[in-house]
**Q** 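For reference, the structure I am asking about is given below.
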There are 2 protein chains.
Amino acid sequence: MSEKASTQEKIIESATELFLEKGFHRTSVREIASRAKINISLMNYYFRSKEMLFETIINLLIGDPSSSLKTILDSDLELNEKIKQYICRYIDMLISNPLLVSFVLAVLNHSPDKITKLKVTDSLYTTEKFANQLNAESSKGNIRKTDPEQFYLNMLSLIAFPFAIKSLINEKNAYNGIEFSKFIELRKEIIYNTLISSLKP
Amino acid sequence: MSEKASTQEKIIESATELFLEKGFHRTSVREIASRAKINISLMNYYFRSKEMLFETIINLLIGDPSSSLKTILDSDLELNEKIKQYICRYIDMLISNPLLVSFVLAVLNHSPDKITKLKVTDSLYTTEKFANQLNAESSKGNIRKTDPEQFYLNMLSLIAFPFAIKSLINEKNAYNGIEFSKFIELRKEIIYNTLISSLKP
DNA sequence: ATTTGTTTAAAACAAATGTTTAAAACAAAT
DNA sequence: ATTTGTTTTAAACATTTGTTTTAAACAAAT
């Protein structure tokens with residue numbers, strides 16, 4: 001925890017850690033206050049309610065990464081290169097925050113509106129320009145006829161799902177955090193190859 | 001709800017529905033009792049605690065499907081056919097219980113031990129015989145050199161992840177439950193083709 | 001020095017939680 | 001008919017929950 005952090009920042013820092021680890025309902029406001037070393041009532045003073053604090057943190061956690069990734073998808077990169085970079089950046093992002101996938105899935109599961117009604121919704125799961133690119137390449141005969149929706153879902157699944165079952169993978173292979181990251185690093189190329197060969201005419 | 005169901009069965013039925021929909025912490029024992037139309041204390045009478053009831057239900061929900069799928073993986077089917085059947089049966093199972101993925105991921109996330117220490121653990125995520133088969137085919141030059149661990153993870157990701165983000169997919173494409181199922185049905189062949197082309201030497 | 005607006009603290013609040021108790025209702029057996 | 005063991009009920013239990021209240025501490029401005 002940073003030293004000169006304001007009360008507000010301390011609350012966000014602690015709450016973010018706890019919400020990522022344990023989710024909304026398993027985290028109590030007293031635990032947040034205790035970790036942030038502030039009085040309980042300050043949470044309500046700065047964020048009105050636990051719920052609003054949670055929504056603030058959702059935006060912080062999802063907003064930045066997803067819009068950064070959207071940039072790649074919407075760029076003018078050549079298809080193969082775009083896919084390669086997207087996989088790479090996405091995985092790097094998740095390695096640096098391995099709890100993010102489970103967090104998003106948890107929220108998505110018990111209060112989907114919190115995510116779908118988000119300003120950043122379409123950053124999270126939209127493919128318009130990318131879809132056009134796939135269709136174009138398909139028309140030109142460069143790649144197999146491909147449903148962009150399904151292809152993007154394949155890509156997302158291959159990238160994100162392993163993080164959702166991290167503990168299962170670690171348990172089975174007796175991995176620690178670092179070994180897991182190495183295992184995931186290997187997937188960059190594997191996922192790329194898998195997707196590219198699925199596109200070959 | 002069945003008519004002649006015993007109290008114990010009524011509790012399990014109601015609790016299963018609620019745990020699947022809302023998870024452990026968002027479900028109260030009073031809600032379970034109310035839906036099952038029984039007295040609150042009967043829950044403790046039959047299952048000692050909410051926690052033990054939850055574990056009972058985890059076993060019921062995960063046990064059967066996963067061991068059934070394990071059978072396919074451990075069979076003597078030829079590789080391509082085995083993959084095809086595995087995808088098909090897995091997806092059929094998830095279509096008939098679309099909340100299962102999110103449920104397992106939620107449990108896996110906040111109390112991994114509940115799953116990894118399960119009797120059915122290895123049914124959930126083990127690949128020994130399948131791995132040997134892949135290695136054998138690889139040695140014979142029939143398929144590309146492939147890490148079985150990564151390949152199985154690919155397969156699992158492609159199959160299961162879409163169910164974890166069901167609400168996102170539905171929201172984006174304005175799907176209802178049936179349209180989602182159709183979308184997923186299409187994936188059987190797509191996933192098969194994707195995986196098979198990734199194996200081609 | 002006093003007033004002002006802001007931030008922090010301690011205590012209390014009402015509501016909800018999982019669980020236990022103690023007695024009643026019930027069915028089966030003697 | 002009475003005892004026995006099982007099942008069900010209503011009430012209370014002790015904690016914990018998120019939130020609010022009230023007042024104190026603080027800093028800045030007049």
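First the proteins, then the strands, lettered A, B, ... as listed; each starts at 1.
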**Q** Under 4.0 Å between a side-chain N/O of T7(A) and OP1 or OP2 of dT7(C), yes or no?
**A**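 Looking at the OP1 and OP2 atoms of dT7(C), neither is under 4.0 Å from any side-chain N or O of T7(A).
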**Q** Can you name the nearest heavy-atom pair linking Y86(A) to L69(A), along with the distance?
**A**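 The pair with the smallest heavy-atom distance is CE1-O, 3.6 Å.
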**Q** State, without any angle test, whether R144(A) and N193(B) hold a side-chain donor-acceptor pair at a distance under 3.5 Å.
**A** no
**Q** Would you mind telling me which of dG18(C), dT8(D), dG18(D) lies closest to the side-chain atoms of V29(A)?
**A**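 From the listed options, dG18(D) comes nearest.
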**Q** So if I take every side-chain heavy atom of N44(A) and compare against dT20(D), dT6(C), dA12(D), which nucleotide ends up nearest?
**A**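 Taking heavy atoms from C-beta onward, the closest nucleotide is dT20(D).
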**Q** Hey, where does DNA chain C pair up into stems, meaning at least three consecutive Watson-Crick or G-U pairs with distances under 3.5 Å?
**A**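 Stem segments, range with range: C:1-30 with D:1-30.
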**Q** Would you please say whether a donor-acceptor pair under 3.5 Å links the side chains of E137(A) and Q133(A)?
**A**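 No, Q133(A) and E137(A) have no side-chain donor paired with an acceptor closer than 3.5 Å.
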**Q** Do K50(B) and F24(B) meet the cation-pi criteria used here (NZ or CZ under 6.0 Å from the six-membered ring centre, within 45° of the axis)?
**A** yes
**Q** Nearest to the side chain of S28(B), which nucleotide is it out of dA10(D), dG18(C), dT17(D)?
**A**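 The listed nucleotide nearest to S28(B)'s side chain is dG18(C).
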**Q** With a 4.0 Å cutoff (strictly under), does any side-chain N or O of N39(A) reach OP1 or OP2 of dT8(C)?
**A** no
**Q** Which part of the nucleic acid does Y46(B) contact within heavy-atom distance under 4.0 Å: base, sugar-phosphate only, or nothing?
**A**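 It contacts sugar-phosphate atoms only.
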**Q** When you check the side-chain N and O atoms of S41(A) and N39(A), is any donor under 3.5 Å from an acceptor?
**A** yes
